[in-house]
> 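Quick one: structure below, then a few questions.
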Amino acid sequence: MYVCICNAVTERHIDEAVSDGVSTLRELRTRLGVAGECGRCASCARDCLRAAMADQTTTAKQAMATFAPSYSLAVEAV
């Protein structure tokens with residue numbers, strides 16, 4: 001979906017920017033030009049940014065879960 005018509009920025013562009021470390025609307029504006037012209041896309045861009053960051057966090061947590069030991073630690077009372 002197009003987020004910023006003025007600069008032809010899509011959700012995918014925002015997802016890629018977040019993957020590269022972008023975490024604020026200001027950084028998106030600098031990198032992609034989002035909300036730099038008319039500004040109508042600012043709220044949608046912010047929502048897409050938050051969603052992309054949440055997805056990235058969820059993906060990272062799932063990846064870390066695969067590295068967790070598969071055994072359980074049990075402590076017996078002596």
> Considering only heavy atoms from C-beta outward, does the side chain of Asn7 approach that of Leu32 to under 4.5 Å?
no
> Is there a side-chain contact between Thr10 and His13, using heavy atoms and a 4.5 Å cut-off?
yes
> Indicate the atoms forming the closest heavy-atom contact of Cys48 with Glu11, along with that distance.
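Heavy atoms only, the tightest pair is SG-CG, 3.6 Å.
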> Any idea which heavy atoms bring Arg29 and Ala35 closest together, and the distance?
NE-O, 3.6 Å
> Roughly how far, to the nearest 0.5 Å, is the CG atom of Asp15 from the CD atom of Gln56?
9.5 Å
> Mind checking the SG-CG spacing from Cys41 to Leu25? Nearest 0.5 Å is all I need.
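CG of Leu25 is found 8.0 Å from SG of Cys41.
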> Roughly how far, to the nearest 0.5 Å, is CZ of Arg40 from SG of Cys6?
8.5 Å
> Could you grab the distance from atom CE of Met53 to atom OG1 of Thr24, nearest 0.5 Å is fine?
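Atom-to-atom, Met53:CE and Thr24:OG1 are 8.5 Å apart.
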> Salt bridge (Lys or Arg N to Asp or Glu O under 4.0 Å) with Arg31: which residues, sequence neighbours excluded?
Asp20
> Please report the closest heavy-atom contact between Ala17 and Leu28, naming both atoms and the distance.
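So the two residues come closest at CB-CD2, 3.9 Å.
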> Shortest non-hydrogen contact from Gly21 to Glu27?
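So the two residues come closest at O-OE1, 4.1 Å.
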